[in-house]
Amino acid sequence: MHRFFVPAETADRFDDDCRGARIGCVDRKRALADSIIERYGAIAERSRQLREHPEEVIAILEDGARRARQEAKRTMAEVRRAIKMNWE
């Protein structure tokens with residue numbers, strides 16, 4: 001998993017250090033956890049904030065639905081014009 005979260009050179013160093021008993025399994029797992037948190041920490045924080053404020057999620061969904069309806073209305077008007085033009 002290290003290879004997904006850190007550059008290849010760093011992962012190779014972890015492999016060598018682990019095989020050479022310079023670091024233990026706990027140290028390697030802790031480093032992996034730190035890499036995961038570094039990559040996904042902001043997402044986890046935003047998720048926590050949204051769970052604490054469900055009204056914000058509802059507002060986001062309502063706004064998205066409103067914008068989708070507007071776009072659908074424009075698209076359907078375009079479709080109706082195209083159909084009418086083909087029937088003339």
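Positions are given from 1, in the same order as the sequence printed here. The structure presented is a predicted model; accordingly, all values stated were derived computationally and were not measured.
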Excluding sequence neighbours, so at least two apart, what forms side chain to side chain contact (heavy atoms under 4.5 Å, CB included) with Glu71? Arg74, Thr75
Got a list of side-chain donor-acceptor pairs under 3.5 Å for residues 6-13, not counting sequence neighbours?
from: Asp12; atom 1: OD1; to: Arg3; atom 2: NH1; distance (Å): 3.0
from: Asp12; atom 1: OD1; to: Arg3; atom 2: NH2; distance (Å): 2.8

So, using salt bridge (Lys or Arg N to Asp or Glu O under 4.0 Å) as the criterion, who are the partners of Arg22 when residues are at least two apart? Asp17
Contacts satisfying salt bridge (Lys or Arg N to Asp or Glu O under 4.0 Å) that involve residues 34-45 (not counting sequence neighbours) are Glu45-Arg48
Can you name the residues that form a salt bridge (Lys or Arg N to Asp or Glu O under 4.0 Å) with Asp27, not counting sequence neighbours? Arg30
Under the salt bridge (Lys or Arg N to Asp or Glu O under 4.0 Å) rule, collect the residues that match up with Glu55, sequence neighbours excluded. none
With sequence neighbours excluded, what pairs up with Arg66 under the salt bridge (Lys or Arg N to Asp or Glu O under 4.0 Å) test? Asp63
Measuring from atom CZ of Arg80 to atom CD of Glu78, what distance do you get when rounded to the nearest 0.5 angstrom? 12.0 Å
Applying ring pair (Phe, Tyr, Trp, His ring centres under 6.0 Å) as the test, list every pair that has at least one member in residues 8-27; sequence neighbours left out. His2-Phe14
Determine, using the 4.5 Å side-chain heavy-atom cutoff (strictly less than), whether Ile37 and Phe4 are members of one ILVMFWY cluster. no
Please list, chain by chain and in numerical order, all residues satisfying side chain to side chain contact (heavy atoms under 4.5 Å, CB included) with Arg46, sequence neighbours excluded. Gln49, Leu50, Glu56, Ile60
